[in-house]
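The block underneath contains the structure these notes are about, expressed in C-alpha cells.
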Amino acid sequence: MLRRVVIITAVHPPSAPFLPDAYKSLCEQELPDGWEWHWLIQEDGESDEVAPHVPDDDRVTFEQGRPGGPGVARTMALAHADGEYVKVLDADDQLTPGALARDLAALEGDSAIGWATSRVLDLLPDGSTAGFPGDPEAGPIERGAVLDFWKANGFRAQVHPATLLVRRELLLALGGWMALPASEDTGLLLALNSTSRGWFSPEVGLLYRKWPGQATGQAAHTDAAERDARMAVVEARARALSHLRWRYPVTDAR
C-alpha cells in the first residue's frame, strides 16, 4: 500500500484557468519511494465554469458545494482526504520542484513536528518573481513564535499559510480552516503554532501568484472594520488554545 499526501485546493470560476499551471507544478514533484499524491479540488460553488479546467487524471478528485468562501471549501474537501498529510495549494499558485518531498521529510523525520512551511516568492503578472525579507531561521518553529511575530508586525506572519503541509489528524482536531470571510488560513496557522511545533524550509516552496482577480486584492479584504474583527478572533482563538494547554503530540503527564 502506498502512503499518500493529499493536496487540497479551493477554487472559484475566476481562478479556475490557473488550475493547469498548478497541476503542472504538482506533476513535477518527486516523492520518496512508497508515496503518492491525491489532489482534491473543491469548487466554492456549483457553477459550470470550473470543471473544464480540471485535469483528467485518476489522481484528481473534483467536488462542488454551496459557496461559503475558501475556508469552507477546503474544510469540505477534508471529507475525501485519504492520506496522512494534507498540503495546501491555492488554485492560482504553483509548487516549486522538490517542495512536497522537503515538507514530507521534515514531518517524517520528527514525529513531534505537526506542520511545515517554506519560503515564498511572489509570481508577478509579467512572469518575474519577487521575494521579501523576514523569513525565520531554517528548522523548527517553536510554539507561540508565529503568534508573537504576527502580533508585533502588523498582523503579518513570518511564514506563509499558503505553504502549509500538516498532519491530517492535527488539522481535523483543530476543526480545519476558520469560519471567516478571509484570513481563514492565517487563523489555522496560528492555531497550529499554539498547539504544536512547526518547521520552516528556506528553499522556495511556492510561487504565490499576484493578479487583479485574487481575493486578497479586493477592496473588501482591506475593509478596516472587518479586518479588525478577523484579527481579533484569530488572535483570541490562538491565545485560548495556548491557555488551555492542548498540545500535539499528546504526552502522558503522569
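Keep in mind that what you see is a predicted model, and the values were worked out from it rather than measured. Every heavy atom of this structure was used, including side-chain atoms; hydrogens, water molecules and symmetry mates were not. Sequential numbering from 1 along the given sequence is applied to the chain's residues.
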Any [X] side-chain heavy atom under 4.5 Å of [Y] side chain:
X: V86; Y: L164; answer: no
X: E43; Y: P13; answer: yes
X: D44; Y: V11; answer: no
X: E28; Y: K24; answer: yes
X: S196; Y: I113; answer: no
X: R156; Y: F132; answer: yes
X: E184; Y: P70; answer: yes
X: L147; Y: R239; answer: yes

Quick check: does any side chain N or O of [X] sit under 3.5 Å from a backbone N or O of [Y], one acting as donor and the other as acceptor?
X: S194; Y: A238; result: yes
X: D223; Y: E226; result: yes
X: E203; Y: R119; result: no
X: N193; Y: L189; result: no
X: T117; Y: W199; result: yes
X: T129; Y: L121; result: no
X: S128; Y: L124; result: no

Tell me the closest heavy-atom pair linking [X] and [Y], and the distance in Å.
X: A22; Y: A91; answer: CB-O, 3.9 Å
X: P14; Y: W211; answer: O-CH2, 3.4 Å
X: G176; Y: L188; answer: O-CD1, 3.6 Å
X: A182; Y: R230; answer: O-CD, 3.1 Å
X: F62; Y: A51; answer: CE2-CB, 3.8 Å
X: A145; Y: Q158; answer: O-NE2, 3.5 Å

Scan side-chain atoms only and decide if [X] and [Y] contain a donor-acceptor pair under the 3.5 Å cut-off.
X: T163; Y: H160; value: no
X: T61; Y: W39; value: no
X: E108; Y: Y85; value: yes
X: D92; Y: Y208; value: no
X: R167; Y: Y248; value: yes
X: T195; Y: R247; value: no

Let me check something: do [X] and [Y] share a hydrophobic cluster, defined by ILVMFWY side-chain heavy atoms less than 4.5 Å apart, either directly or through other members?
X: V166; Y: W37; result: no
X: L123; Y: L206; result: no
X: V159; Y: M231; result: yes
X: I141; Y: F149; result: no
X: W35; Y: W115; result: no

Interatomic spacing from [atom1] in [X] to [atom2] in [Y] - rounded to 0.5 Å:
X: K87; Y: L89; atom1: NZ; atom2: CG; result: 8.0 Å
X: L180; Y: T186; atom1: CG; atom2: OG1; result: 9.5 Å
X: R59; Y: R4; atom1: CZ; atom2: CZ; result: 10.5 Å
X: I7; Y: L165; atom1: CD1; atom2: CG; result: 9.0 Å
X: D185; Y: L190; atom1: CG; atom2: CG; result: 10.0 Å
X: L100; Y: Q29; atom1: CG; atom2: CD; result: 4.5 Å

### Query
Step by step, would you call L207 with L95 a side chain to side chain contact (heavy atoms under 4.5 Å, CB included)?
CA-CA 6 Å; L207 299 180; L95 299 175; over 6 Å; no
### Message
Using the rule given for side chain to side chain contact (heavy atoms under 4.5 Å, CB included), can you reason through W177 versus L171, listing the C-alpha separation, both sets of side-chain angles and the distance that settles it, and then say yes or no?
### Response
CA-CA 8 Å; W177 287 263; L171 177 60; 3.9 Å; yes
### Message
Let's go through M178 and V233 carefully: what are the C-alpha distance in whole Å and the side-chain angles of both, what is the deciding distance for side chain to side chain contact (heavy atoms under 4.5 Å, CB included) to 0.1 Å, and is it a yes or a no?
### Response
CA-CA 10 Å; M178 290 189 75; V233 73; 4.3 Å; yes
One thing to verify: whether [Y] and [X] come together as a salt bridge, which I'm taking to mean a side-chain N less than 4.0 angstrom from a carboxylate O.
X: R209; Y: D93; answer: no
X: R66; Y: E46; answer: no
X: R168; Y: E84; answer: no

### Query
How far apart are the C-alpha atoms of R197 and D110, what are their side-chain angles, what is the distance that settles it, and do they pass the side chain to side chain contact (heavy atoms under 4.5 Å, CB included) test?
CA-CA 10 Å; R197 298 171 74 226; D110 187 344; 3.9 Å; yes
### Query
R74 and D90: salt bridge (charged side-chain N to carboxylate O under 4.0 Å, His left out), yes or no, with the steps?
CA-CA 10 Å; R74 293 191 201 103; D90 288 347; 3.2 Å; yes
### Task
Assign the ring pair F155 / W150 to parallel, tilted or perpendicular, where the plane angle (0 to 90°) is split at 30° and 60°.
tilted
### Query
Can you list every pair that meets salt bridge (Lys or Arg N to Asp or Glu O under 4.0 Å) and has a residue in residues 120-134, with sequence neighbours left out?
none
